[in-house]
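Data block below; observations after.
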There are 2 protein chains.
Amino acid sequence: MAAKSGRAPGKRPQRTRMPSQAPGDAQPLSLERIVATAIELLDAEGVDGLTMRKLADRVGSGAMSLYWYVDNKETVFDLALDSVLEYRGLPQDADRQDWRGDVVHMLEDWRASMLRHPWTTSLLPRRALGPNMLHRLELLSRTLVTAGVGHAELNAAIWSLWNHVMGATITRASFGFSDDDMAAAQQRLTRLGEQYPTIESAQLLLDSDWDGAFRKGLGFLLDGLPLR
Amino acid sequence: MAAKSGRAPGKRPQRTRMPSQAPGDAQPLSLERIVATAIELLDAEGVDGLTMRKLADRVGSGAMSLYWYVDNKETVFDLALDSVLEYRGLPQDADRQDWRGDVVHMLEDWRASMLRHPWTTSLLPRRALGPNMLHRLELLSRTLVTAGVGHAELNAAIWSLWNHVMGATITRASFGFSDDDMAAAQQRLTRLGEQYPTIESAQLLLDSDWDGAFRKGLGFLLDGLPLR
DNA sequence: AATTGACTCGTACGACGTACGAGTCAATCA
DNA sequence: TGATTGACTCGTACGTCGTACGAGTCAATT
């Protein structure tokens with residue numbers, strides 16, 4: 001999270017200087033624009049592709065200008081991560097008695113948000129709790145409470161669901177996606193087939209119905225939750 | 001896993017050159033020693049603390065000598081990660097009918113291995129499947145099969161357990177550990193208390209009985225697994 | 001005695017994050 | 001009106017990183 005430094009702009013009073021060019025040609029620099037551009041860049045080139053110099057280029061400024069809005073590169077990561085995790089809420093056509101459906105919706109949306117930006121999965125291991133993340137946790141807890149999860153089990157329940165999302169998403173993002181990867185994994189596995197017969201015959205890495213496995217496993221977990 | 005390059009030493013025939021100094025003073029360079037030292041360095045200074053130059057210093061060689069044994073820095077990470085995940089197996093006093101106990105043992109050992117080396121959690125998001133990892137997956141699958149998990153549910157069950165371990169371990173390693181961190185989190189949470197009443201009253205981040213939550217959540221999951 | 005091949009490493013290059021301080025210009029004040 | 005301020009921009013420079021390249025060393029082999 002790493003708050004902005006003391007000298008950072010806080011509430012800027014108003015943008016007064018007009019862009020010298022035609023409007024749209026070069027918008028003024030701003031934290032929002034930096035974060036948005038960082039996300040673009042991360043989507044396009046991955047974690048290692050984000051460089052302060054490249055980011056500045058895209059934004060149309062000198063590299064050091066970014067540091068007026070941001071303490072350091074780490075902050076850019078933090079802000080980009082939390083920005084991508086904004087939750088738009090349950091659909092309003094949802095059946096309000098169906099807590100299970102609510103949980104599934106929240107968690108699938110969460111996972112989908114991250115998979116839309118695979119770099120999130122390598123960023124998460126550090127500092128994950130921005131305001132959007134907290135908001136998601138709050139909604140989830142509330143749903144569980146109304147579903148009847150007892151006070152003594154609430155935290156374990158929350159963390160279990162969190163773990164399911166985290167684990168599944170990180171795994172999905174680091175395997176899969178490219179068929180080449182899968183082919184390579186297949187080769188390695190069948191070459192080592194006699195050492196790992198069970199996972200080989202189960203096609204663990206190849207039958208890549210990740211979405212189905214996510215939903216199924218989530219079902220197991222919800223089935224196992226003790227409700228009062 | 002990124003195999004070693006073609007020119008790398010394969011099976012070295014034998015170490016023939018004698019160390020010029022007294023033995024123990026400076027052992028010969030070797031892949032094993034490089035990996036072991038990398039783990040030391042990672043334990044001591046974390047992911048960012050591992051540089052090829054520092055590693056070479058510790059190992060007592062020039063930086064470029066490492067590249068005889070290793071393709072690049074990435075491979076050092078891969079090898080260190082998998083090396084730390086070696087599984088010593090179930091204790092032989094274990095009750096052989098107790099599949100649940102077996103699973104719990106495996107997964108707690110897995111989690112403990114990673115928490116002993118917290119940097120593993122930030123490395124995992126990329127390329128996680130070394131031979132030791134595969135071995136663990138194989139054992140886990142076998143246990144689930146004998147426990148009665150049906151063929152159609154096997155993969156989802158494996159991934160769910162994997163997700164639980166991954167999620168819990170990564171989370172545990174990125175929060176917690178330092179009391180200062182927790183104090184900071186507490187402050188932020190209570191400051192935002194009115195926005196997040198449920199997770200605040202549940203002490204989600206503060207009641208940090210991580211081990212208990214891990215075991216409890218694992219229990220939920222195992223309770224929910226469909227056995228034939 | 002010459003050759004090979006396993007291994008070591010000094011030097012150098014390009015890229016990175018960012019400290020520093022000098023610049024620009026609108027708004028404010030005298 | 002002229003001087004001052006403060007918000008913002010950015011060129012330069014430093015130290016550090018991964019690693020390409022090629023020259024070196026030395027034991028074993030021919």
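The figures that follow rest on heavy atoms only: side chains count, while hydrogens, waters and symmetry mates do not. A, B, ... follow the sequence lines: proteins, then strands. Residue 1 opens every chain. These figures come from a predicted structure and were not determined experimentally.
Within the structure, every side-chain polar atom (N or O) of Ser61(B) is placed at least 4.0 Å from both OP1 and OP2 of dT8(C). Between Ser65(A) and dC10(D) there is a side-chain polar atom (N or O) within less than 4.0 angstrom of OP1 or OP2.
For Tyr67(A) and dA13(D), the OH to P distance is 18 Å, given to the nearest whole Å. Between the C1' atom of dC8(D) and the CH2 atom of Trp68(A) lies a distance of 6 Å, rounded to the nearest Å. Atom OH in Tyr69(B) sits about 12 Å away from atom P in dA6(C), given to the nearest Å. Atom CZ in Phe77(B) sits roughly 10 Å away from atom P in dT19(D) (whole-Å rounding). Distance CG (Asp57(A)) to P (dT9(D)): 15 Å, rounded to an integer number of Å. One atom, CE of Met64(A), and another, P of dG11(D), lie 11 Å apart when rounded to the nearest Å. Distance CG (Asn72(A)) to P (dA19(C)): 8 Å, rounded to an integer number of Å. Nucleotide dC9(C) holds its P atom 11 Å from the CD1 atom of Ile34(B), rounded to whole Å.
Within the nucleic acid shown, Leu55(B) has no heavy atom closer than 4.0 Å to any nucleic acid atom. Contacts of Thr51(B) with the nucleic acid, taken as non-hydrogen atoms under 4.0 Å apart, involve only primed sugar atoms and P, OP1 or OP2. Using a 4.0 Å heavy-atom criterion, one finds that Leu66(B) contacts no nucleic acid atom at all.
Nearest heavy-atom pair across Tyr69(B) and Leu29(B) is OH-O, 3.4 Å.
Nucleotide dG18(D) has dC13(C) as its partner under the Watson-Crick or G-U criteria, with both atom distances under 3.5 Å. If you check dA23(D) for Watson-Crick or wobble pairing at under 3.5 angstrom, you find it paired to dT8(C).
Seen from the ring of Phe214(B), Arg111(B) counts as a face-on cation partner, given the 6.0 Å and 45° thresholds.
Side chains of Ser160(A) and Asn163(A): a donor-acceptor N/O pair is absent below 3.5 angstrom, by distance only.
Rounded to the nearest 0.5 angstrom, Leu140(A) CG and His135(A) NE2 are separated by 11.5 Å.
Counting heavy atoms from C-beta on, the side chains of Met52(A) and Leu66(A) come closer than 4.5 Å.
Residue Gly62(A) is the one, among Arg53(A) and Gly62(A), whose nearest nucleotide of DNA chain D lies closer to the 5' end (criterion: closest heavy atom).
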